[in-house]
Amino acid sequence: MAIRYELLKTCHQTGARLGRLHTPHGIVETPAFMPVGTLATVKAMSPEELEEMDAQIILSNTYHLFLRPGHEVVAAAGGLHRFMHWNRPILTDSGGFQVFSLSKLRHITEDGVTFRSHISGEPLFIGPEKAMEIQNALGSDIIMAFDECAPYPAEREYVETSLERTTRWAERCLKAHKRPDEQALFGIVQGGVYRDLRERSARSLTALDFPGYAIGGLSVGEPKEIMYDVLEYTVPLLPDTKPRYLMGVGSPDALVEGAVRGIDMFDCVLPTRIARNGTTMTSRGRLVVRNAKYARDFSPLDPACDCYTCRNYTRAYIRHLIKSDEILGLRLTTYHNLYFLLRLMENVRQAIREDRLRNFRDEFFAQYYGQNS
Ligand SMILES: Nc1nc(=O)c2cc3nc(NCCN4CCCCC4)[nH]c3cc2[nH]1
C-alpha cells in the first residue's frame with residue numbers, strides 16, 4: 001500500500017477527525033494544510049525553511065511541470081523529491097484544473113483535453129493516461145485522477161455530462177497507473193452544487209475503491225455557504241477510513257469550517273500569493289503591511305506569532321522592503337503566512353484532541369474576523 005490512513009479520533013463536538021497519513025516519505029498529521037509548490041518550489045521558500053516551520057507535505061502541479069521542464073527531465077533527476085531537494089511527502093494535482101485555468105483554446109473530448117501551452121503556444125494534449133504517465137514520472141507520493149473541474153455556475157446537464165466523463169476518466173487512470181504500491185491515486189468527486197450529482201459521483205468513485213478521495217469542483221467562485229453545504233452532504237458519502245482532501249481551499253475560515261465538516265487535507269496558493277503583494281494573515285485578521293500607517297510601526301506583523309519573521313523584523317521594515325520590491329520582503333511575508341496557517345492547523349488538531357473544535361472556531365473567528373467587522 002502506498003499510503004495508510006490511521007483514524008485516531010473523531011471530535012465529539014463536530015465531524016472533525018484527527019488522523020495520521022503514513023506515506024513513503026513520512027507521516028502527515030491531519031487535518032493538514034499543504035503549501036503549494038506549483039513549479040517544484042514553494043515560491044520564495046527553501047525546503048529547509050519549510051521543514052523549519054513544520055510543513056509536512058507540499059503540492060506540485062502536473063500541468064506546469066509537463067510544460068516546463070518536462071516530466072522526463074524530472075524523472076532523469078531521480079524524481080521530484082530529488083529534483084527539488086524535498087524529502088517529505090509530495091502530492092501532485094493532475095492537470096485538469098490547471099489546463100482550464102491557464103491555457104487557451106482548450107478542447108475536451110472523451111480522450112482528454114487538447115490545448116495550447118500558455119508558455120510557448122504549442123498544441124498539447126493531456127488525458128487520463130498522460131496524466132498518469134507524468135505523475136508516475138514525477139514520483140509524487142499522492143497523485144490525482146485526471147478530471148474536469150466544472151465551472152461555477154454551470155448548467156445541471158453540463159455538470160452531469162462532465163461528471164460522467166470524469167468517472168470514466170477515473171477508471172482509465174486506475175488502469176494506467178503504473179506504480180500503485182508507491183504512489184497513492186486519489187479519486188476526485190465532482191457534481192457541482194447539485195446534491196444528486198455529488199451523490200452519484202461519490203458512489204461511483206467509492207465503488208472503485210481509491211486509497212483516498214478529493215472533493216473537487218469547489219472554491220471556483222461559489223459562495224462559501226454553498227461550498228459548506230456541498231461538504232455537509234458529500235463528506236458523509238466517503239469512507240471514514242480514508243483521507244478526504246478539499247482542493248484549492250486555504251483561507252483561515254474555510255480551513256476551520258472544512259475541518260469541522262470532516263476534511264483532512266487542504267491546499268491553496270492564497271497564503272503565498274497574497275504574501276507577494278504584502279498582505280499578511282495575523283491572529284487579528286488580515287494586515288496589509290504596505291499600508292502607510294505602518295511606516296513607523298516597529299512592532300511585529302503579529303505580536304502573537306513566534307515565527308522567524310515576527311521574532312526579528314518589524315512592520316516598518318517589512319513595509320519598506322515590500323515597497324522597495326526587495327526580495328527579502330516577500331520572503332518574510334511568505335514565511336509568516338505559511339507559518340500562520342500551519343500553526344492554525346496545529347491548533348485545530350489540538351482542539352480535536354480535546355473535543356473543543358467548535359469552541360476553538362468561535363474564539364478564532366472572533367479574533368480574526370471580529371476586530372475588522
Ligand atoms: N484536479 C482538480 N480538480 C478540481 O476539481 C480542482 C478544484 C479546485 N478548486 C481550486 N480553487 C483554487 C482557488 N484559488 C483561491 C486562491 C486564489 C487562486 C485560486 N483549485 C482546484 C484544483 C482542482 N484540481
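Indexing begins at 1, ligand by ligand and atom by atom, following the structure's order.
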Which atoms from ligand 1 have a heavy atom of [X] less than 4.0 Å away?
X      : result
Ile188 : 1 (N)
Gly217 : 4 (C), 5 (O), 7 (C)
Ser94  : 1 (N)
Val269 : 17 (C), 18 (C)
Arg273 : 17 (C), 18 (C)
Gly216 : 4 (C), 5 (O)

Any donor and acceptor pair, going by atom type alone, linking the side chain of Ser103 with main-chain N or O of His118 inside 3.5 Å? no
So is Glu148 touching ligand 1 or not, going by heavy atoms under 4.0 Å? no
Measuring from the heavy atoms of Met247, does anything fall under 4.0 Å of ligand 1? yes
Distance-only N or O hit between ligand 1 and Asp147, under 3.5 Å: yes
Before signing off on this row, confirm whether Ser219 and ligand 1 have an N or O atom pair separated by under 3.5 Å. yes
Does the protein come close to atom 19 (C) of ligand 1 - that is, does one of its heavy atoms sit below 4.0 Å from that atom? no
Is it possible for you to check whether Arg261 lies under 6.0 Å from the centre of the six-membered ring of Tyr228, through NZ or CZ, and within 45° of that ring's axis? yes
Are [X] and [Y] close enough that a side-chain donor and a side-chain acceptor fall under 3.5 Å?
X      : Y      : value
Gln350 : Glu346 : no
Glu148 : Thr166 : no
His71  : Glu133 : yes

Would you say the ring centers of Phe115 and Tyr63 fall short of 6.0 Å from each other? yes
Kindly say whether the aromatic ring centers of Tyr313 and Tyr308 come within a distance under 6.0 Å. yes
Protein heavy-atom partner closest to [atom] - residue, atom, separation in Å:
atom                    : value
atom 9 (N) of ligand 1  : Leu218 O, 2.8 Å
atom 16 (C) of ligand 1 : Cys268 SG, 3.8 Å
atom 24 (N) of ligand 1 : Asp93 OD2, 2.7 Å
atom 22 (C) of ligand 1 : Phe97 CG, 3.4 Å

Run Lys224 and Asp253 through side-chain contact (heavy atoms from CB on, under 4.5 Å) and show every step you take. CA-CA 10 Å; Lys224 280 184 177 167; Asp253 53 329; 2.9 Å; yes
Kindly indicate whether the side chain of Phe33, heavy atoms from C-beta on, has any atom under 4.5 Å from the side chain of Leu255. yes
